[in-house]
Amino acid sequence: EAGVAQSPRYKIIEKRQSVAFWCNPISGHATLYWYQQILGQGPKLLIQFQNNGVVDDSQLPKDRFSAERLKGVDSTLKIQPAKLEDSAVYLCASRHQGRETQYFGPGTRLLVL
Amino acid sequence: RKEVEQDPGPFNVPEGATVAFNCTYSNSASQSFFWYRQDCRKEPKLLMSVYSSGNEDGRFTAQLNRASQYISLLIRDSKLSDSATYLCVVSSNAGGTSYGKLTFGQGTILTVHP
């Protein structure tokens with residue numbers, strides 16, 4: 001079974017620029033999550049989707065971050081404009097409905113200069 | 001107060017040692033508990049779930065004390081390959097739904113040396 005796919009794996013941008021990350025969850029997984037992991041910290045949930053609907057986006061900085069999952073499969077996370085403190089690894093995870101375990105993708109490592 | 005708190009370590013132990021990690025959580029309504037392992041520059045992976053009755057998986061033993069809101073992980077006979085960051089994770093309902101929202105501790109770094 002293929003795992004969670006993410007791209008790009010690495011991205012370097014300058015502050016105030018825009019950036020987008022893509023995630024393809026495990027086939028059949030209705031729930032999709034985006035996490036931000038800053039160096040030395042555990043992952044922090046940004047947004048949770050159930051199919052194409054948002055379940056929880058309480059920790060998403062909505063003035064600059066946006067995410068969508070239009071067809072209930074792939075998802076994109078965008079930052080516009082980026083700040084230095086956005087430098088982190090952005091992890092996507094998915095979960096099969098009715099099961100507890102979340103499976104993480106390899107992450108996108110973002111550096112904002 | 002952080003929702004999930006761990007001793008960040010680092011723990012530096014010789015092969016064969018026994019090492020214990022501790023974790024506390026603040027949300028008494030939390031429902032499920034886990035330990036995840038994260039290797040350097042890799043994604044987190046589920047190590048084991050944690051139950052009130054305690055559970056064991058080979059050299060790994062996890063314990064949960066709901067009254068004290070305390071979770072532990074014990075690793076016996078440490079191997080070089082156990083070197084990683086161990087994340088304490090607590091799950092609660094998101095927005096009143098049945099969908100689990102994971103809250104991670106900051107992680108405890110373990111290095112096992114020859």
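Residue numbers start from 1 in every chain, and the chains themselves are labelled A, B, ... in the order their sequence lines are given, proteins ahead of strands.
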**Item:** Atom NZ of K71(A) with >12 non-hydrogen neighbours under 6.0 angstrom
**Value:** no

**Message:** Can you confirm whether Q80(A) is buried at CD, in the sense that more than 12 heavy atoms of other residues, nucleotides or ligands lie under 6.0 Å from that atom?
**Reply:** no

**Asked** In this structure, are over 12 heavy atoms from other groups packed under 6.0 Å from L113(A) atom CG?
**Response** yes

**Note, K42(B) side chain near F104(A) side chain (heavy atom, < 4.5 Å)** = no

**Message:** Which heavy atom of L87(B) sits nearest to which heavy atom of G42(A), and what is that distance?
**Reply:** CD2-CA, 4.1 Å

**Item:** Top contributor to chain A interface from P8(B), S32(B), P44(B) [non-hydrogen pairs under 4.5 Å]
**Value:** P44(B)

**Request:** Counting only heavy atoms closer than 4.5 Å, note whether Q37(A) contacts chain B via side chain, backbone, both or neither.
**Result:** side chain

**Asked** Under a 4.5 Å side-chain heavy-atom rule over Ile, Leu, Val, Met, Phe, Trp and Tyr, are I79(A) and I13(A) clustered together?
**Response** yes

**Item:** Minimum side-chain heavy-atom gap K101(B)-Q59(A) below 4.5 Å
**Value:** yes

**Side-chain donor-acceptor pair present, S49(B), E100(A), cut-off under 3.5 Å** = no

**Prompt:** Linking I/L/V/M/F/W/Y whenever any side-chain heavy atoms sit under 4.5 Å apart, do Y86(B) and M48(B) land together?
**Reply:** yes

**Item:** Whether over 12 other heavy atoms sit under 6.0 Å from Y51(B) OH
**Value:** no

**Asked** Do you know which of V4(B), I109(B), L102(B), T103(B) has the most heavy-atom pairs with chain A at a distance under 4.5 angstrom?
**Response** L102(B)

**Item:** Exceeds 12 heavy-atom contacts within 6.0 angstrom, atom CD of E15(B)
**Value:** yes

**Contacting moiety of Q6(B), where chain A heavy atoms sit under 4.5 Å** = neither

**Prompt:** How many angstroms lie between atom CG of L45(A) and atom CZ of F104(B), to the nearest 0.5 angstrom?
**Reply:** 9.0 Å

**Item:** Steps toward side-chain contact (heavy atoms from CB on, under 4.5 Å) verdict (E43(B), Y35(A))
**Value:** CA-CA 11 Å; E43(B) 71 272 22; Y35(A) 291 87; over 6 Å; no

